[in-house]
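Let me begin by presenting the structure, written as structure tokens, before commenting on it.
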Protein chains: 2
Amino acid sequence: MLAIGTLSRRTGTKVQTIRYYEEIGLMNEAGRTAGGQRRYFEKDLDRLAFIRHSRQLGFSLDSIRELLDLSDNPSQSCAEADSIARRQLRQVEQRIKRLQALKKELKRMVAECEGDSVAECKVLEVLRDHSECLTEHDEIGA
Amino acid sequence: MLAIGTLSRRTGTKVQTIRYYEEIGLMNEAGRTAGGQRRYFEKDLDRLAFIRHSRQLGFSLDSIRELLDLSDNPSQSCAEADSIARRQLRQVEQRIKRLQALKKELKRMVAECEGDSVAECKVLEVLRDHSECLTEHDEIGA
DNA sequence: CCTTCAATCTACAGCAACTGTAGTTTATCC
DNA sequence: GGATAAACTACAGTTGCTGTAGATTGAAGG
């Protein structure tokens, strides 16, 4: 039987975060000692590791919930899991695209800055006037 | 004199967001009509546009606050604004790097999935077992 | 002048995904 | 049996908004 701190250490998850996952139903309710402390099995550790790893790959808690459901029912089709992963991949690619546009703009902004006083600062000037931008960046960078 | 809805339309900012910016002190407190509605000058519109544009470039509200301060005091050195922009650039580059690692991993995951049942689903397998990953991705993707 | 209706107002709850704090109780080790 | 680390609950705070409810206001048309 594992205490919550052991799960915490072994998965690099804050104790409060584990309790939070229980609260929102991602982790099963843990068994308790007579004194009320949570005690876990190895399988709980595996589940938490799955959640953490998925988070590291950028999946939302909602997606992870779906993936866990699939994982719990091994007879289902794999297609669902595949499509969740593809969706995540598309999102990541989207974000990269947007960030690359931002990077370009920021680079240009910084490169052109050579004035010594704020009055002639290119950085502030660009921020003041969107029309100086080369690219469109209408969505706020996630 | 401009109503809040006009600022909203002209900058693509939700009305509540403008009020929120006032609440946290990013926008100056607007003048009011006898009936209590906010009325703005052109300079307020400019300030809001500056804020929005900076947000689109991914600056945090705290950074924007600094940038606005600089912009309000045009005799200061430009170095400060420059360093804020460079910091932002570094952050963006960092995020791109991380996302590219994720993308690689997700691509591999999706590419290898060919089993038809969840039991042999590569996606779920990879999520279960971090050691199957090629890259480290210890930080949760922002 | 009066009605009407969109626009605005305040106040507060909610989102994602945690993180931090305070104050208390439990488990473990010597 | 005492000390101390670790666990407990409950709740506030983070970032940057967004949405809702219910009450007013302002401008245009008749």
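Bear in mind that the values here come from a model prediction, so they are computed numbers and not experimental data. The basis for the numbers below is simple: all heavy atoms, side chains too, and nothing from hydrogens, waters or symmetry mates. Lettering of chains follows the sequences in order, A, B, ..., and the numbering in each one begins at 1.
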Nearest-Å distance for atom pair [atom1]/[atom2], residues [X] and [N]:
| X | N | atom1 | atom2 | value |
| --- | --- | --- | --- | --- |
| B:Ile24 | D:dT14 | CD1 | P | 12 Å |
| B:Tyr20 | D:dT14 | OH | C1' | 10 Å |
| B:Ile4 | C:dA6 | CD1 | P | 19 Å |
| A:Glu22 | D:dA7 | CD | C1' | 13 Å |

Next on the checklist: Looking at D:dC17, I'd like to know if its phosphate oxygens (OP1 or OP2) sit under 4.0 Å from a side-chain N or O belonging to B:Arg52.
Outcome noted: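 Yes, such a contact exists.
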
Next on the checklist: OP1 or OP2 of C:dA16 versus the side-chain N and O atoms of A:Ser60: is any pair under 4.0 Å?
Outcome noted: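 No, because none of the side-chain N or O atoms of A:Ser60 sits under 4.0 Å from OP1 or OP2 of C:dA16.
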
Checklist entry - With a 4.5 Å limit on heavy-atom distance, are the side chains of A:Phe50 and A:Asp46 in contact? => result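 Not touching, per the 4.5 Å side-chain cut-off.
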
Checklist entry - Does a donor on one side chain sit under 3.5 Å from an acceptor on the other, for B:Ser63 and B:Arg87? => result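 The criterion, which ignores hydrogens and geometry beyond distance, is satisfied for B:Arg87 and B:Ser63.
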
Item to check | A:Tyr21 side chain to A:Arg52 side chain, donor-acceptor N/O pair below 3.5 angstrom | outcome: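 Looking only at side-chain atoms, A:Arg52 and A:Tyr21 do form a donor-acceptor pair, the distance falling under 3.5 Å.
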
Item to check | Residue A:Tyr21, side-chain heavy atoms: nucleotide from C:dA17, D:dG16, C:dC18 that is nearest | outcome: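 Nearest listed nucleotide: C:dC18.
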
Checklist entry - Nearest to the side chain of B:Leu61 - D:dC17, D:dA7, C:dC18? => result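 My answer, after comparing the listed nucleotides, is D:dC17.
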
Checklist entry - Quick one: on DNA chain C, does A:Thr17 or B:Tyr40 contact a more 5' nucleotide (nearest heavy atom)? => result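 By nearest-heavy-atom nucleotide position, the 5'-most residue is B:Tyr40.
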
Checklist entry - Can A:Arg39 and A:Arg32 be said to form a side-chain contact (heavy atoms from CB on, under 4.5 Å), step by step? => result CA-CA 6 Å; A:Arg39 285 300 121 97; A:Arg32 301 286 186 131; over 6 Å; no

Next on the checklist: Heavy atoms only, 4.0 Å cut-off, all strands: where does B:Arg32 land among base, sugar-phosphate and nothing?
Outcome noted: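 Result for B:Arg32 = sugar-phosphate.
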
Checklist entry - Which residue pairs satisfy the salt bridge (Lys or Arg N to Asp or Glu O under 4.0 Å) criterion with at least one member in residues 1-21 of chain A, sequence neighbours excluded? => result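 Matches after skipping sequence neighbours: A:Arg10-A:Glu42.
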
Checklist entry - For the hydrophobic clusters of this structure (ILVMFWY residues joined by side-chain heavy atoms under 4.5 Å, transitively), does one cluster hold both A:Val110 and B:Leu67? => result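 Different clusters.
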
Checklist entry - Same cluster for B:Leu48 and A:Leu127 if Ile/Leu/Val/Met/Phe/Trp/Tyr side chains link at under 4.5 Å? => result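 Yes; A:Leu127 is reachable from B:Leu48 via cluster members.
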
What's touching nucleotides 21-23 of chain C from the protein side, N or O pairs under 3.5 Å?
none

Write down the protein N/O and nucleotide N/O pairs, taken from nucleotides 23-27 of chain D, whose separation is under 3.5 Å; answer none if there are no such pairs.
residue	atom	partner	partner atom	Å
D:dG26	OP1	B:Thr33	OG1	2.6
D:dG26	OP1	B:Gly35	N	3.2

Item to check | Option from B:Gln100, B:Arg95, B:Gln91 for which side-chain contact (heavy atoms from CB on, under 4.5 Å) with A:Leu99 holds | outcome: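 Considering B:Gln100, B:Arg95, B:Gln91, a side-chain contact (heavy atoms from CB on, under 4.5 Å) with A:Leu99 is found only for B:Arg95.
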
